[in-house]
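Beneath this line is the structure, given in structure tokens, with notes to follow.
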Amino acid sequence: MLNIYNTLTRTKAPLEPIIPHQVRLYVCGMTVYDHCHLGHARVMVVFDVVVRYLRYLGYEVIYVRNITDVDDKIIQRAKENSEDIHALTQRFIDAMHEDEDALAVLRPDIEPRATQSMADIITMIQTLLDNGLAYMGDNGDVYYQVEKFAAYGALSGKKTAELLAGSRVDIETAKKNPLDFVLWKAAKPEEPHWPSPWGNGRPGWHIECSAMSTRCLGSHFDIHGGGMDLQFPHHENEIAQSEGATGHQFVNVWMHNGFVRINEEKMSKSLNNFFTVREILNHYSGETIRCFILTSHYRSPLHYSEHNLNTAQGAVNRLYTALRGLDTSDCPADLGQNFIAKFTQAMNDDFNSAEALAVLFELAHDINRYKTTNTAVACQLGGLLRQLAGVLGLLQADADRYLQGTDNNSIRDATIENLIQARQNARVQKQWAESDRIRDELKAQGIVLEDGANGTTWRREL
RNA sequence: GGCUGAGUGGCAGAGUGGUUAUGCAGCGGCCUGCAAAGCCGUGUACAUCGGUUCGAUUCCGUUCUCAGCCUCCA
């Protein structure tokens, strides 16, 4: 039984899909005005694993992750770049897809965009106006009247009185109450806008998610996810909008992942202490980054450091090393039921990927032992390792190919093979000095040799 | 100030009311021409002070420290 921690109830509870065997999942995606950083990567990988595991359990999953392609920052960035807004957003959407592919993140089933959802957005705002939950300010903006929604604050554990006392809320005179948030912004000169019953304008940030999730998944669905910082106000406002419009529950389970930290601080754009995915990909494989993300539980902080990335790199290498030389095409039969049970138990406990990874290492350990004593068993366990790792989106490459890297480095594969052959000739004649010289020469170029029972294998150094 | 969450062995990071996490690093050994990889062995970690209990790192409370949200943010 899969248990998931629900932010709404602050407890873990068994997943009970609204429609049996089907899970409808919505995740708040990127605002596309810049490259993805590691924090975005964490959201992508975490919910990719959620989807993969739900499918592994046999659920039919409808996975929706939106793209926010109109907002203040996008407009500002386009202005700075003297770039067409559509060109800018398309550029970063393409980049995002590249990053996802590098991290082996499967595409969501539906990737709706705010700019392509205006009809749904306008309809929902009109409903909120009709229901008396929204009003138009004297500046032409349409606002949600928070005090009209009694359950406001339920998700984030905030009380409206305390929010006001915090007094960090922007004072906008057109609002009846500082907590009110904008649903529709009246157009300013030279800004993108769409026609609406309230004049030309564009949607506020929160309404798009309510409108798009409802269009794609219906007005009541199973899981809504995103980063912890979206809990308030974004998700709180989504609930107010959606439930205010429909009068019934919006989402059953709210999932929020923890932050990436660097030097004990949140990695974020505003602190300017972030690393983009593509920067990190210059030094580490996508699989290493993915493994690094999964080494900590999704709700815990993830501490970015070169040292921790190096450790993840070593971990992936160890797993691939166990698979190396094994024909894993045979599906695992009865072997390894205990590993499957432990893996499933870990994942059933709120997607505990750290513990699931530990099971993978135990499996690799067994494989290494059987390699010398019982190849058939080792192969079957290898197949199982590949299968379970696949649920985490890991170990899907050919082991040798991963360990040897691509043939675009300073030294060509053919050169390596030639030197290995030369060294082998020297070894046959017990010319150890020459043999070691060749090995050192390769080592200096990042190539590590390993003499095994079946000859010499090589890999690129970490 | 209000509200969350967290403090685990050298590092990272799970978990548990009484028994091995796991990975990396270290130490000893096996294997190897020597290595590498792998294997075998090896570590009285659970912030603090109290309480509950036969027994707590695990439950409750105190203190301290850290992070996050309350403003755009994944």
Side-chain angles (χ1 to χ4, degrees), chain A residues 7 10 27-31 36-44 46-47 65 71-73 76 153 156-159 161-170 178-179 205 225-234 236 256-261 264-271 274 291-292 294-297 299-303 305 307-319 321-322 324-325 342 346 349 352-362 364-365 367-369 371-373 403 427 430-433 435-436 439-440 443 448-453 456-459 461:
Chain A
T7 308
R10 316 245 167 218
V27 171
C28 287
M30 282 273 293
T31 300
C36 296
H37 68 234
L38 194 54
H40 300 113
R42 191 177 193 193
V43 177
M44 291 171 176
V46 161
F47 286 100
R65 195 188 57 210
D71 98 325
D72 293 345
K73 287 185 176 169
Q76 190 191 332
S156 53
K158 297 183 187 307
K159 298 183 177 70
E162 286 166 358
L163 283 167
L164 283 169
S167 79
R168 288 172 68 185
V169 189
D170 205 19
L179 295 183
W205 174 35
M228 272 182 52
D229 43 4
L230 297 185
Q231 222 176 88
F232 188 91
H234 184 57
E236 199 71 72
H256 293 101
N257 64 274
F259 297 125
V260 177
R261 278 201 223 168
E264 293 302 308
E265 260 186 339
K266 176 184 173 183
M267 180 181 283
S268 73
K269 301 242 175 167
S270 47
L271 291 168
F274 61 91
C291 183
F292 166 63
L294 296 176
T295 51
S296 94
H297 183 90
R299 283 189 284 117
S300 300
L302 178 65
H303 292 96
S305 74
H307 178 264
N308 293 346
L309 247 350
N310 287 340
T311 301
Q313 189 172 45
V316 174
N317 271 40
R318 176 170 164 81
L319 293 175
T321 302
R324 191 166 51 170
K342 285 173 83 172
D349 184 14
N352 193 332
S353 58
E355 204 173 326
L357 268 172
V359 176
L360 262 37
F361 284 109
E362 288 173 18
H365 188 248
I367 291 168
N368 285 332
R369 279 202 308 218
K371 259 185 177 173
T372 49
T373 59
L403 293 169
R427 293 183 73 213
K430 297 196 189 306
Q431 292 170 355
W432 306 127
S435 161
D436 292 351
R439 187 169 63 195
D440 290 345
K443 172 96 162 112
V448 180
L449 300 190
E450 292 166 355
D451 299 326
T456 299
T457 55
W458 65 273
R459 63 185 164 86
E461 207 171 18

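Every value quoted in this text rests on a predicted model; they were computed, and no experiment measured them. In what follows, chains carry the letters A, B, and so on, assigned in the order in which the sequence lines appear, proteins first and then strands, with residues in each chain numbered from 1. For the numbers below, each heavy atom of this structure counts, side chains included, while hydrogens, waters and symmetry mates do not.
- Residue A/Val43 places its side chain closer to B/A74 than to any other of B/A74, B/C69, B/G33.
- Of the listed nucleotides (B/A67, B/G68, B/A12), B/A12 has the atom at the smallest distance from the side chain of A/Asn308.
- Using a 4.0 Å heavy-atom criterion, one finds that A/Val46 contacts no nucleic acid atom at all.
- For A/Lys158 and B/C69, a side-chain-to-base donor-acceptor distance below 3.5 Å is present, hydrogens and geometry of angles not being considered.
- At the heavy-atom level, A/Arg42 lies nowhere under 4.0 Å from the strands shown.
- Mapping A/Glu264 and A/Ser270 onto RNA chain B by nearest heavy atom places A/Glu264 at the nucleotide closer to the 5' end.
- As judged by a 4.0 angstrom heavy-atom cut-off over every strand, A/Phe232 is placed among residues touching the sugar-phosphate backbone only.
- Rounded to whole Å, the distance from CG on A/Leu357 to C1' on B/C24 is 14 Å.
- Using a 3.5 Å distance cut-off with no hydrogens or angles, the side chains of A/Ser296 and A/Arg42 do pair a donor with an acceptor.
- When the C1' atom of B/C72 is taken as reference, atom CG of A/Leu271 falls 12 Å away, rounded to whole Å.
- Within 3.5 Å, no donor on the side chain of A/Thr372 pairs with an acceptor on the base of B/G38, nor the reverse.
- Nearest heavy atom pair, residue A/Phe292 against residue A/Leu302, reads O-CD1, 3.5 Å.
- In this structure, of B/G23, B/A35, B/A21, it is B/A21 that holds the atom nearest to the side chain of A/Glu362.
- The shortest distance between the side-chain N/O atoms of A/Lys266 and the OP1/OP2 oxygens of B/C69 is below 4.0 Å.
- Look at A/Arg439 and you won't find any side-chain N or O under 4.0 angstrom from OP1 or OP2 of B/A35.
- Annotation: B/C64 and B/G26 have their P atoms spaced 40 Å apart (nearest Å).
- B/C69 atom C1' lies 7 Å from atom CZ of A/Phe259, rounded to whole Å.
- Distance noted for atom P between B/G10 and B/U62: 29 Å (whole Å).
- Both A/His307 and A/Arg427 sit near RNA chain B, but only A/His307 has its closest nucleotide nearer the 5' end.
- The gap from the P atom of B/G9 to that of B/G2 amounts to 31 Å, rounded to the nearest Å.
- Contact annotation: A/Ser300 reaches the phosphate of B/A14 (side-chain N/O to OP1 or OP2, under 4.0 Å).
- Looking at A/Arg324 and A/Glu450, their side chains come closer than 4.5 Å, going by heavy atoms from C-beta outward.
- Comparing the P positions of B/C30 and B/U22 gives a spacing of 24 Å, expressed to the nearest Å.
- A donor and an acceptor atom sit less than 3.5 Å apart, one in the side chain of A/Asp451 and one in the base of B/C34.
- By the 4.0 Å N-to-carboxylate-O rule, A/Glu461 lies close enough to A/Lys443 to be salt-bridged with it.
- Atom CD of A/Gln313 is separated from atom P of B/C24 by 13 Å (rounded to the nearest Å).
- B/U20 makes up no base pair with any nucleotide shown, lacking Watson-Crick or G-U wobble contacts both under 3.5 Å.
- Between the C1' atoms of B/A21 and B/C46, the separation comes to 13 Å (whole Å).
- One interatomic measurement links the two molecules: CG of A/Asp440 to P of B/A36, which rounds to 12 Å at whole-angstrom precision.
- Side chain of A/Trp432, nearest nucleotide from B/A14, B/G33, B/C72: B/G33.
- A/Gly452 comes within 4.0 angstrom of no nucleic acid atom, judged by non-hydrogen atoms across all strands.
- By the 4.5 Å heavy-atom criterion applied to side chains, A/Glu362 and A/Lys342 are counted as neighbours.
- You'll find that the side chain of A/Val448 is closest to B/A36, out of B/G68, B/A36, B/G23.
- Residue A/Arg65 places none of its side-chain N or O atoms closer than 4.0 Å to OP1 or OP2 of B/A74.
- For B/A45 and B/U58, the P atoms lie 16 Å apart once the distance is rounded to whole Å.
- Residue A/Arg369 places at least one side-chain N or O closer than 4.0 Å to OP1 or OP2 of B/C40.
- Distance from the side chain of A/Thr311 is smallest to B/C24 among B/C24, B/A74, B/C72.
- Between A/Val43 and A/Arg65, every side-chain heavy-atom pair lies at or beyond the 4.5 Å cut-off.
- Nucleotide B/U57 forms no Watson-Crick or G-U wobble pair with any nucleotide shown, as no partner meets the under 3.5 Å limit on both distances.
- In this structure, A/Met44 reaches neither bases nor backbone, as no heavy-atom distance under 4.0 Å exists between it and the strands shown.
- Regarding A/Leu163, its CG atom lies at a distance of 13 Å from the C1' atom of B/U4, rounded to whole Å.
- Close to B/U20, at under 4.0 Å from its OP1 or OP2, lies no side-chain N or O of A/His365.
- Residue contacts shown for A/Gly39 include a base, since a base heavy atom lies under 4.0 Å away.
- Taking only distance into account, the side chain of A/Lys73 meets the base of B/C72 through a donor-acceptor pair shorter than 3.5 Å.
- As a whole-Å value, the separation of A/Glu355 CD from B/G23 P is 14 Å.
- For the P atoms, the distance from B/G15 to B/A47 is 15 Å, rounded to whole Å.
- Side-chain proximity of A/His297 to B/G23, B/A14, B/A21: nearest is B/A14.
- The pairing partner recorded for B/A45 is none, the criterion being a Watson-Crick or G-U wobble arrangement whose two distances lie under 3.5 angstrom.
- Under 4.0 angstrom from either OP1 or OP2 of B/G13 there lies no side-chain N or O belonging to A/Arg299.
- Using a 4.0 Å heavy-atom distance criterion, A/Gly314 is classed as making no nucleic acid contact.
- Using modelled atom types, one side-chain atom of A/Lys371 and one backbone atom of A/Ala322 make a donor-acceptor pair closer than 3.5 Å.
- Residue contacts for A/Leu449: at a heavy-atom cut-off of 4.0 Å it reaches a base atom on one of the strands shown.
- Counting only heavy atoms from C-beta on, A/Asn352 has its side chain closest to B/G15 among B/G15, B/C34, B/A74.
- Side-chain contact check for A/His297 versus A/Asp349: every heavy-atom pair is 4.5 Å or farther apart.
- Pairing partner, B/C69: B/G2, with both Watson-Crick or wobble hydrogen-bond distances short of 3.5 Å.
- For the pair A/Glu236 and A/Lys158, the salt-bridge criterion is not met [side-chain N within less than 4.0 Å of a carboxylate O].
- Dashed line: the shortest gap from a side-chain N or O of A/Asn368 to OP1 or OP2 of B/C39 is under 4.0 Å.
- The separation between A/Glu450 atom CD and B/C34 atom P is 17 Å, rounded to whole Å.
- Of all nucleotides listed (B/C34, B/A37, B/A74), B/C34 comes nearest to the side chain of A/Asp436.
- Taking the P atom of each, B/U53 and B/U44 are spaced 31 Å apart, rounded to whole Å.
- No side-chain heavy atom of A/His37 sits less than 4.5 Å from a side-chain heavy atom of A/Val260.
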